[in-house]
Protein chains: 2
Amino acid sequence: MSTPKKAKTSAFEQSGFVSGYLLYLLAAASEAASKQFHTRVREAGLRITEWRVLACLYDQDGLMITELAHYALMEQSRITRIIDQMETSGLVVRHNDEGDGRRVRIYLTDHGQSLSAELVTAAKAHEMQLLSTLPVKDAANIKPALLALLGSLEAPAN
Amino acid sequence: MSTPKKAKTSAFEQSGFVSGYLLYLLAAASEAASKQFHTRVREAGLRITEWRVLACLYDQDGLMITELAHYALMEQSRITRIIDQMETSGLVVRHNDEGDGRRVRIYLTDHGQSLSAELVTAAKAHEMQLLSTLPVKDAANIKPALLALLGSLEAPAN
DNA sequence: TAAAACTATATGAAAAAACATATAATAGGA
DNA sequence: TCCTATTATATGTTTTTTCATATAGTTTTA
């Protein structure tokens, strides 16, 4: 047979442009690493986007729609609809901001609070497990490198 | 004013769970880094997904639908439809695999070939520029760390 | 070699996401 | 203060994406 059945480790992955391209590595690593944990998120009855919102609110309850969009890496209109659904399922509530009638602040319900705490704990455990499978050097390097990249990208001037 | 207008660098980003969470850093870095280059992709009249397909075919022309799905990190049915559109816009062509009538192999047209070469060149330049903005240490560390992570995640055993 | 199991691609229907824009509230001049 | 510009959220529409499944070709095996 000229073509191998399972081309998992094909010539493609060994050489060529894509397999060493930074943006590909970032996307692939993000996707592969998230995949594992996302299984747990779905087991908790949540969609990925909802988990992201919960995690943001875990850190800082009462964020605005716009702030959530920024932190959770999503468009504003998307957040609006996700909050609609999360409000329906009893995870969060909307409150008008006193002082600025345009703003809507999102707060965790009791249920949302306990669920977010639970998932954050699981996420931390998963992260530790994941980092423990890496060579020590890489495990130590990865977050600083990503933070440097983010910092460089967020800097307005260039 | 109690709430700053532009909360770019808020308390959120300084501390808390999310801002140091590996899966968040990966997603955020991937998104932020890609964003810049994606502007160029759209200027070339392509969607991001189409660029991914072009890049894969640049490395290895004649990939199957399934292989493209794997390498471009997308679902099979999605690739099928993207190839439909790319065929319509004259970037690729489908050919039946001789030897296995189920397989469909995708080949770049002349136009697809020149466009992919052009964009790959631009992508390499962008990557170099991006890495040059990082501290040398981080620039040297990031790809090995991502590769280690990917390797660890692809390994079946654990 | 016929049946069963499996692989590759396509497609209909449903859900999610993006895009543009509407609505409402506030802020900032003239 | 009134007019304009700006900000925050919501919503209608369209496009993407997913999910489940159909179709067709190949391999396996009894």
Side-chain angles (χ1 to χ4, degrees), chain A residues 1-8 10 27 31 34-35 38-39 41-42 45-53 62-89 92-107, chain B residues 1-8 10 27 31 34-35 38-39 41-42 45-53 62-89 92-107:
Chain A
M1 77 184 63
S2 60
T3 309
K5 286 252 182 80
K6 282 269 182 177
K8 271 270 176 182
S10 74
E31 167 142 333
S34 298
K35 197 171 173 183
H38 287 176
T39 301
V41 171
R42 287 196 208 85
L46 292 179
R47 286 175 306 163
I48 306 314
T49 48
E50 293 179 314
W51 149 239
R52 288 196 177 147
V53 167
L63 286 169
M64 295 164 47
I65 294 277
T66 303
E67 291 170 332
L68 276 172
H70 176 224
Y71 297 136
L73 311 171
M74 286 185 263
E75 285 220 340
Q76 175 263 314
S77 69
R78 197 174 157 192
I79 289 285
T80 290
R81 289 182 231 249
I82 287 163
I83 297 298
D84 290 347
Q85 297 168 315
M86 292 178 78
E87 207 168 17
T88 299
S89 60
V92 300
V93 289
R94 279 180 165 90
H95 279 302
N96 291 327
D97 183 301
E98 347 78 71
D100 191 335
R102 296 167 299 179
R103 297 180 170 178
V104 174
R105 297 199 170 270
I106 314 300
Y107 293 90
Chain B
M1 84 186 54
S2 61
T3 308
K5 284 248 183 80
K6 284 267 179 174
K8 272 268 175 183
S10 75
E31 167 141 334
S34 300
K35 198 173 172 181
H38 288 176
T39 302
V41 172
R42 286 195 209 86
L46 292 180
R47 288 176 303 164
I48 307 314
T49 48
E50 293 179 314
W51 149 239
R52 288 195 177 150
V53 167
L63 287 169
M64 297 165 46
I65 295 276
T66 303
E67 290 170 332
L68 276 171
H70 176 225
Y71 297 136
L73 311 172
M74 287 185 262
E75 284 219 341
Q76 175 264 313
S77 69
R78 198 174 158 190
I79 290 284
T80 290
R81 288 183 233 249
I82 287 164
I83 296 298
D84 289 348
Q85 297 167 316
M86 293 177 78
E87 208 169 15
T88 298
S89 61
V92 300
V93 289
R94 280 181 164 91
H95 279 303
N96 292 326
D97 183 300
E98 347 79 72
D100 191 334
R102 297 166 298 180
R103 296 180 171 178
V104 173
R105 297 201 169 270
I106 314 299
Y107 293 91

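Lettering of chains follows the sequences in order, A, B, ..., and the numbering in each one begins at 1.
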Is any side-chain heavy atom of A:I106 closer than 4.5 Å to a side-chain heavy atom of A:V53? no

Using 0.5 Å steps for rounding, measure from the CE atom of A:M64 to the CZ atom of A:R103. 4.5 Å

Within less than 4.0 Å of OP1 or OP2 of D:dA10, is there a side-chain N or O belonging to A:T80? yes

Whole-Å gap separating C1' (C:dA25) and CZ (A:R103): 11 Å

Using 0.5 Å steps for rounding, measure from the CG atom of A:D84 to the CD atom of A:E87. 7.0 Å

Once rounded to the nearest 0.5 Å, what's the spacing between atom CG of B:L73 and atom CD1 of B:I79? 9.5 Å

Contacts of A:Q85 meeting side-chain hydrogen bond (donor to acceptor under 3.5 Å, both in side chains) (sequence neighbours excluded), chain-then-number -> A:R47

To the nearest angstrom, the CG-P distance between A:D97 and C:dA24 comes to 19 Å

Test side-chain hydrogen bond (donor to acceptor under 3.5 Å, both in side chains) applied to B:R81 - qualifying residues, sequence neighbours left out: none

Between atom CD1 in B:I79 and atom C1' in C:dT11, what is the gap in whole Å? 16 Å

Between the protein and nucleotides 24-26 of chain D, which nitrogen or oxygen pairs come in under 3.5 angstrom?
from: D:dG25; atom 1: O3'; to: B:G101; atom 2: N; distance (Å): 3.3
from: D:dG25; atom 1: N2; to: B:R102; atom 2: NH1; distance (Å): 2.7
from: D:dT26; atom 1: OP1; to: B:G101; atom 2: N; distance (Å): 2.7
from: D:dT26; atom 1: O4'; to: B:R102; atom 2: NE; distance (Å): 3.4

B:T80: partners by side-chain hydrogen bond (donor to acceptor under 3.5 Å, both in side chains), with sequence neighbours left out: B:Q76

Atom CD1 of A:I65 and atom P of D:dT11: how far apart are they, to the nearest Å? 11 Å

Which atom of A:E75 lies closest to which atom of A:A69, heavy atoms considered: C-CB, 4.1 Å

Within this structure, what is the CG-to-P distance between A:L46 and C:dA15, rounded to whole angstrom? 18 Å

Would you kindly give the CD-to-P distance between A:E67 and D:dT7, to the nearest whole Å? 15 Å

Does A:N96 have any side-chain hydrogen bond (donor to acceptor under 3.5 Å, both in side chains) partners at least two apart in sequence or in another chain, and if so, which? none

Atom pair distance, as rounded to whole Å: CD in A:E50 and C1' in C:dA15: 13 Å

Its contact letters, B for base, S for sugar-phosphate only and - for none at protein heavy atoms under 4.0 Å, make nucleotides 12-21 of chain D read B---SSBB--

Would you kindly give the CZ-to-C1' distance between A:R105 and D:dT9, to the nearest whole Å? 13 Å

